[in-house]
There are 2 protein chains.
Amino acid sequence: MGRKRLQEPVDGRPTVHTVAARAGVSIASASRVLNGIGGSPETIRKVRAAAAEVGYVPNAIARSLQSQRTGLVALAVEDIGNPVYVEMMRAIEAVVASSGRQLLVHATGGRIDNETALLRRLANRYVDGMIVSPIRVTDDHLTALVDSPVPVVVVGQLGADAAVDNVRTDSRHGVALAVDHLVGTGRRRIGFVNGPLDTVPGAARDAGFRAALLQHGIPLDEDLIEVGDFQYAAGRAATERLLARTDPDALVCANDLIAVGALHALLAAGRRVPQDVAVVGMDDTELARMMFPQLSSVSLGSAERGRRAAELLLQRIADPTLPPRREQVPPSLAIRASSGVTPPAPRPAGPPTTHPSSEGVTS
Amino acid sequence: MGRKRLQEPVDGRPTVHTVAARAGVSIASASRVLNGIGGSPETIRKVRAAAAEVGYVPNAIARSLQSQRTGLVALAVEDIGNPVYVEMMRAIEAVVASSGRQLLVHATGGRIDNETALLRRLANRYVDGMIVSPIRVTDDHLTALVDSPVPVVVVGQLGADAAVDNVRTDSRHGVALAVDHLVGTGRRRIGFVNGPLDTVPGAARDAGFRAALLQHGIPLDEDLIEVGDFQYAAGRAATERLLARTDPDALVCANDLIAVGALHALLAAGRRVPQDVAVVGMDDTELARMMFPQLSSVSLGSAERGRRAAELLLQRIADPTLPPRREQVPPSLAIRASSGVTPPAPRPAGPPTTHPSSEGVTS
DNA sequence: CCGATAGCTGTAAACGTTTCCGGGAGTCTG
DNA sequence: CAGACTCCCGGAAACGTTTACAGCTATCGG
């Protein structure tokens with residue numbers, strides 16, 4: 001009796017053939033039993049026994065090749081150390097899990113080649129769909145997004161004409177909220193600690209800051225603008241550089257990590273927050289509430305954007321013929337102690353007594 | 001001329017067959033050209049052109065089925081919002097990237113079914129290998145780990161006999177370092193804010209705390225022990241409960257997130273840190289250096305553990321026949337302002353002037 | 001008691017790729 | 001000019017699974 005194939009493949013792991021041979025049935029019957037569809041009691045017993053004996057575990061890759069789906073969804077962000085992405089991830093995860101899929105996350109580190117490579121690799125069928133939040137976008141990148149074999153949803157700004165599902169916020173307006181608030185509380189020498197200008201959010205926030213000052217008729221002083229990475233250490237260093245050459249009475253920071261860095265730099269330089277310098281962060285992450293003093297911060301609705309992105313993705317997976325859609329989530333401002341209107345004068349920098357954090361006052 | 005297969009599959013995406021047919025060559029030739037091995041100049045030209053025209057992109061799943069590898073490695077942790085896992089991830093990523101693979105992360109949320117499911121799904125060939133850091137371990141779980149089809153490395157404590165590559169630390173000793181330090185600086189009513197006792201780290205730290213007190217001949221007061229989640233909010237709530245019933249002069253916290261929560265609770269209750277209550281966290285994450293006052297913290301060498309785990313994994317992928325190995329990374333204590341020996345008396349709780357953070361003093 | 005039907009089974013095709021192998025054409029060497 | 005060698009090509013098998021299809025047996029209803 002000439003067997004058609006090795007029963008034990010070289011790497012030793014049993015396949016459905018192994019099980020079928022051992023149970024004395026065809027691979028079709030074995031497969032059916034293992035998937036719980038059909039089979040006589042006797043067959044079921046034999047196949048189950050054989051599978052258990054050899055320790056059979058199905059090869060998901062082969063199954064996916066056949067079924068054209070993997071049950072996986074990926075999220076690619078720049079820096080998973082940034083709590084804003086953690087919040088986004090949690091929101092996405094919740095939606096994705098409800099569809100019975102699992103979420104995988106990849107941190108691209110802002111290296112665009114990395115991101116494109118990931119897109120090329122993962123999107124080529126390893127996952128059923130993908131959510132990407134790029135901070136830099138090149139043409140190469142964009143085409144990789146557009147003709148991805150699996151559905152892709154982009155979180156963040158994208159060229160107006162890009163034929164990709166997209167959920168965004170208006171970070172220019174977000175910066176304006178911060179500036180309005182600071183001007184409204186009497187600040188005039190407002191500094192800005194931004195991330196790299198060659199990133200999409202960096203550029204948008206820069207434009208937003210300049211526009212907001214103009215709006216209020218405040219002349220622009222380039223000395224009050226400083227740029228670093230979107231990270232804690234960079235934010236601190238940038239703020240130190242800024243303080244070395246000028247003397248702001250308020251600081252808008254392009255994200256909360258930068259704001260925390262700024263806080264350190266300010267306090268190390270002997271400035272009091274908010275009495276001497278008010279600080280407003282951006283993204284309104286958990287970190288903002290963890291700091292002393294608690295940070296005012298502009299929420300860009302990251303969790304909401306994540307949720308919506310996940311929903312768009314699931315819809316598109318279900319029906320790939322949908323036209324590209326775009327959604328927008330408005331920013332809002334949460335005012336806390338770091339830019340408090342009435343600085344609690346005497347008591348040292350303990351925690352503000354108003355502890356239940358003053359929530360999301362949208363201005 | 002009867003073609004053997006549809007040139008355009010139903011879902012419309014081109015395959016290597018499409019390209020081959022269009023270029024007028026065999027699929028073997030097409031595949032070779034697309035992979036850059038062999039082919040006459042004319043063939044190469046035709047195939048390249050055909051591929052470009054139809055927008056061919058190879059199906060990675062099919063390729064993996066053939067090549068038995070995916071170029072992906074997964075990391076499963078409980079909570080990616082905990083900076084300690086971010087540090088671990090970064091270290092792993094660096095190693096993994098050097099092998100030309102990409103890292104995917106999954107947050108299990110501590111739900112053990114979730115983790116087992118992920119193990120079953122991903123490990124069944126979707127990835128070339130996997131690093132898992134479980135906080136709860138069941139038998140079911142363990143067998144899933146042991147007879148995973150792809151190499152698995154576990155970060156964290158595991159039964160002594162488990163036949164799995166494993167890199168761990170000694171968190172009992174870590175807690176002892178904290179207690180030694182506090183006792184050495186004159187503290188006696190030392191509280192302990194822990195994570196859940198049904199988790200591996202929670203149990204180990206509890207045991208470590210009790211042993212350390214015993215070691216110093218300090219009687220155990222159960223009022224000084226409180227348990228919550230390994231999260232910021234839980235840490236804060238737990239500390240509030242603890243403060244409501246007793247009056248510690250020091251607090252050991254089972255991780256940095258809890259420590260930050262404790263800090264908030266303490267300051268809200270009017271205690272000064274470190275004058276009234278010294279605080280020591282655990283994991284020594286970036287967060288510890290971000291707080292005011294900066295947190296003393298026990299480093300459990302997460303980055304180092306991640307690095308080693310990744311190396312073990314790569315070795316095992318290269319040679320699956322290796323015997324199970326176990327490595328251990330020692331804890332160390334970084335002393336900062338929150339448990340400072342000589343509290344800088346007068347100046348309010350600004351940042352400590354010694355800003356280059358006093359590094360990892362291993363006691 | 002016979003035909004329809006239901007349930008089970010095995011063969012084989014399919015998913016999309018890589019790769020072994022044999023054959024043919026061309027080039028080089030002696 | 002014959003033989004060896006190189007290079008390129010196409011057919012076909014293989015990776016491990018699911019599933020359409022057809023054949024078989026046993027049961028049921030009339």
Side-chain angles (χ1 to χ4, degrees), chain A residues 1-21 23-47 51 54 56-71 121 124-126 149-150, chain B residues 1-21 23-47 51 54 56-71 121 124-126 149-150:
Chain A
M1 128 190 173
R3 45 182 196 168
K4 297 176 66 177
R5 117 192 345 250
L6 260 37
Q7 291 190 197
E8 288 292 339
V10 275
D11 89 339
R13 292 212 72 88
T15 74
V16 72
H17 292 92
T18 324
V19 174
V25 302
S26 72
I27 59 163
S29 291
S31 174
R32 277 187 291 256
V33 170
L34 294 170
N35 287 11
I37 38 179
S40 73
E42 175 62 4
T43 305
I44 292 181
R45 191 192 57 71
K46 285 190 297 187
V47 171
V54 300
Y56 172 73
V57 22
N59 182 321
I61 287 275
R63 191 202 302 261
S64 292
L65 179 60
Q66 165 71 25
S67 67
Q68 303 284 42
R69 57 190 304 280
T70 65
R121 179 174 271 172
N124 296 346
R125 304 300 193 183
Y126 277 136
V150 304
Chain B
M1 118 186 175
R3 46 184 193 168
K4 296 178 65 177
R5 111 187 356 243
L6 259 38
Q7 290 189 201
E8 288 293 337
V10 276
D11 87 341
R13 293 212 72 87
T15 73
V16 70
H17 292 91
T18 325
V19 174
V25 302
S26 72
I27 59 163
S29 293
S31 173
R32 276 187 291 255
V33 169
L34 294 170
N35 287 9
I37 35 180
S40 71
E42 175 61 4
T43 306
I44 292 181
R45 192 193 56 73
K46 285 190 297 188
V47 171
V54 299
Y56 171 73
V57 22
N59 181 321
I61 288 276
R63 192 204 301 261
S64 293
L65 179 59
Q66 165 70 26
S67 68
Q68 303 282 43
R69 57 191 303 280
T70 65
R121 179 173 271 172
N124 296 347
R125 305 299 193 182
Y126 277 136
V150 304

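Each chain gets a letter, A, B and so on, in the order its sequence line appears, and its residues count up from 1.
Among the atoms of the strands shown, only primed sugar atoms or phosphate atoms (P, OP1, OP2) are found under 4.0 Å from some heavy atom of Ser40(A).
Not counting sequence neighbours, Arg63(A) has no partner by the side-chain hydrogen bond (donor to acceptor under 3.5 Å, both in side chains) test. Looking at residues two or more places apart in sequence or on another chain, you find no salt bridge (charged side-chain N to carboxylate O under 4.0 Å, His left out) involving Arg69(B). Scored by the side-chain hydrogen bond (donor to acceptor under 3.5 Å, both in side chains) test, Ser40(A) finds Thr43(A) as partners (sequence neighbours excluded).
If you check residues 56-64 of chain A against DNA chain D, the residues with a heavy atom closer than 4.0 Å are Tyr56(A), Pro58(A), Asn59(A), Ala62(A), Arg63(A), listed by number.
Taking only side-chain nitrogens and oxygens, Ser29(B) comes nearer than 4.0 Å to OP1 or OP2 of dG10(D). Ser31(A) has no side-chain polar atom (N or O) that falls below the 4.0 Å cut-off from OP1 or OP2 of dT17(D). A close approach under 4.0 Å does not occur between any side-chain nitrogen or oxygen of Thr15(B) and OP1 or OP2 of dG16(C). Taking only side-chain nitrogens and oxygens, Gln68(B) comes nearer than 4.0 Å to OP1 or OP2 of dG16(D).
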Below 3.5 Å is the cut-off: list the nitrogen or oxygen pairs between protein and nucleotides 21-27 of chain D, distance only.
none

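Comparing Leu65(B) and Leu34(A), the nucleotide of DNA chain D nearest to each residue sits closer to the 5' end for Leu65(B).
Applying the salt bridge (charged side-chain N to carboxylate O under 4.0 Å, His left out) test to every pair with at least one member in residues 23-43 of chain A, sequence neighbours left out, gives these pairs: Glu42(A)-Arg45(A).
Note: OH (Tyr126(B)) to C1' (dC15(D)) measures 15 Å, nearest angstrom.
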